[in-house]
Amino acid sequence: MELQCSVCLLRPLVASDAPALARHADDREIWLNLRDRFPHPYSVSDADVYISSVAARATQVSFGIDVAGEAVGTVSLMLGEDIARRTAEIGYWLGRAHWGRGITTAAVRAVTTYAFATLALDRVFAMPFAENRASLRVLERAGYRCEGRMRHSALKAGVVRDQWLYARIRDDADAVPE
């Protein structure tokens, strides 16, 4: 399934995306703002493994961010389980060459709409690091609301960091300007 945005196309990743994905992902500044499972350095082999793993999922929850025919980032939902089964955590990254153009905001909006309309979720949330101002702005522009600061909630690169909790619920869906 593909999702059209105003500034990009969100689509399933394919094997031929691996070199471009690796080129954009192999950036320490990107890695510093993501979970440790995101490797650094990031190789074509890492991209191959990721592409294979998301292609094998029964439900499409990961999309490549395509700009001008090139995979330049990803946006994914991590579906909740058990009592959290109607929720998902959203995660995203975009290659540095494409920062500052509204691409990530458009991608987050589109995948959040998909989460509510297609996956019938009630809540989508994100937990960016407190100092990641760009990600905070993306979430705010995509209609997410800040629910609070999670103090000393993460350890990244040997540093204990705070995170913010942002969320959108289905009831917020009509309140977001496009």
Side-chain angles (χ1 to χ4, degrees), residues 3 5-8 10 24-42 50 54 59 61-65 72-178:
L3 306 176
C5 297
S6 57
V7 291
C8 65
L10 302 176
H24 290 285
D26 190 27
D27 183 326
R28 182 171 168 76
E29 192 167 341
I30 290 170
W31 173 79
L32 282 171
N33 286 298
L34 298 175
R35 302 271 172 101
D36 282 346
R37 68 176 164 247
F38 190 92
H40 183 73
Y42 197 104
Y50 177 73
V54 298
T59 303
V61 291
S62 296
F63 296 86
I65 301 172
V72 298
T74 66
V75 59
S76 298
L77 297 165
M78 291 179 287
L79 299 175
E81 298 176 346
D82 199 337
I83 62 168
R85 66 187 167 272
R86 300 279 305 255
T87 73
E89 181 178 358
I90 193 167
Y92 45 86
W93 68 269
L94 183 69
R96 180 188 301 263
H98 300 279
W99 291 358
R101 296 189 195 160
I103 295 168
T104 308
T105 299
V108 167
R109 278 184 185 146
V111 170
T112 302
T113 299
Y114 169 80
F116 295 142
T118 304
L119 302 179
L121 298 181
D122 290 318
R123 174 185 170 86
V124 180
F125 67 95
M127 298 183 303
F129 293 122
E131 63 279 359
N132 186 349
R133 303 261 185 248
S135 192
L136 302 178
R137 283 191 306 274
V138 162
L139 292 165
E140 290 164 359
R141 287 191 303 248
Y144 284 68
R145 295 182 186 173
C146 181
E147 295 185 339
R149 188 178 191 115
M150 302 181 328
R151 298 178 308 143
H152 289 225
S153 57
L155 176 67
K156 180 68 179 189
V159 178
V160 175
R161 298 168 75 178
D162 292 357
Q163 294 173 282
W164 286 103
L165 176 59
Y166 274 76
R168 259 187 72 192
I169 60 172
R170 180 183 295 279
D171 295 346
D172 297 337
D174 296 331
V176 179
E178 289 298 324

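For clarity, every value in this text was computed on a predicted model and none was experimentally measured.
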Peer 1: Verify, without hydrogens or angle tests, whether Arg161 (side chain) and Ala154 (backbone) share a donor-acceptor contact under 3.5 angstrom.
Peer 2: no

Peer 1: Taking all non-hydrogen atoms of both residues into account, name the closest pair between Ala106 and Cys5 and its distance.
Peer 2: O-SG, 3.5 Å

Peer 1: If you apply the rule side chain to side chain contact (heavy atoms under 4.5 Å, CB included), what do you find for Val124 with Val108, and how did you get there?
Peer 2: CA-CA 10 Å; Val124 180; Val108 167; over 6 Å; no

Peer 1: State whether the number of non-hydrogen atoms from other residues, nucleotides or ligands found under 6.0 Å of Arg101 atom CZ is greater than 12.
Peer 2: yes

Peer 1: What is the distance from atom CG of Asp26 to atom CZ of Arg96, rounded to the nearest 0.5 Å?
Peer 2: 11.5 Å

Peer 1: Counting C-beta onward and ignoring hydrogens, is there a side-chain heavy-atom pair between Leu121 and Leu79 closer than 4.5 Å?
Peer 2: yes

Peer 1: Measuring from atom CG of Leu155 to atom CG of Asp36, what distance do you get when rounded to the nearest 0.5 angstrom?
Peer 2: 7.5 Å

Peer 1: Taking the side chain from Thr105 and the backbone from Gly102, do they hold a donor-acceptor pair closer than 3.5 Å?
Peer 2: no

Peer 1: By the definition side-chain contact (heavy atoms from CB on, under 4.5 Å), identify the one residue from Phe129, Trp93, Tyr92 that meets it with Leu34.
Peer 2: Trp93

Peer 1: If you take all heavy atoms of Ala110 and Leu3, which pair is closest and at what distance?
Peer 2: O-CD1, 3.9 Å

Peer 1: Any carboxylate oxygen within less than 4.0 angstrom of a Lys/Arg side-chain nitrogen, looking at Asp162 and Arg151?
Peer 2: no

Peer 1: Nearest 0.5 Å, what's the CD1-CG distance between Ile30 and Leu94?
Peer 2: 7.5 Å

Peer 1: Nearest 0.5 Å, please: how far is OH in Tyr114 from CG in Leu10?
Peer 2: 11.0 Å

Peer 1: Take Ser76 and Tyr50, measure what side chain to side chain contact (heavy atoms under 4.5 Å, CB included) needs, and give me the verdict at the end.
Peer 2: CA-CA 12 Å; Ser76 298; Tyr50 177 73; 3.1 Å; yes

Peer 1: Where do Ile103 and Val7 come nearest, in terms of heavy atoms and distance?
Peer 2: CA-CG2, 3.6 Å

Peer 1: Rounded to the nearest 0.5 Å, how far does CD of Glu147 lie from CZ of Phe125?
Peer 2: 9.5 Å

Peer 1: Could you tell me the separation between the CE atom of Met78 and the OG1 atom of Thr87, rounded to the nearest 0.5 Å?
Peer 2: 10.5 Å

Peer 1: Hey, what's the ring geometry for Tyr42 with Phe38, parallel, tilted or perpendicular (30° and 60° as the breaks)?
Peer 2: tilted

Peer 1: Is there a donor-acceptor pair closer than 3.5 Å between any side-chain N or O of Gln163 and the backbone N or O of Met127?
Peer 2: yes

Peer 1: Do Val61 and Leu119 pass the side chain to side chain contact (heavy atoms under 4.5 Å, CB included) test, and can you show the C-alpha distance, the side-chain angles, and the key distance before you say yes or no?
Peer 2: CA-CA 9 Å; Val61 291; Leu119 302 179; 4.2 Å; yes

Peer 1: Under the 3.5 angstrom rule, does the side chain of Arg109 hit a backbone N or O of Arg141 as a donor-acceptor pair?
Peer 2: yes

Peer 1: Would you check if the side chain of Arg86 reaches a backbone N or O of Arg123 as a donor-acceptor pair within less than 3.5 Å?
Peer 2: no

Peer 1: Using 30° and 60° as the class boundaries, would you call the ring planes of His24 and His98 parallel, tilted or perpendicular?
Peer 2: tilted

Peer 1: Is Ser153 reaching over with its side chain to a backbone N or O of Met150, donor-acceptor style, under 3.5 angstrom?
Peer 2: yes

Peer 1: Walk me through whether Leu139 and Trp164 qualify under side chain to side chain contact (heavy atoms under 4.5 Å, CB included).
Peer 2: CA-CA 11 Å; Leu139 292 165; Trp164 286 103; over 6 Å; no

Peer 1: What is the minimum heavy-atom distance between Ala130 and Leu136, and which atoms define it?
Peer 2: O-CD1, 3.7 Å

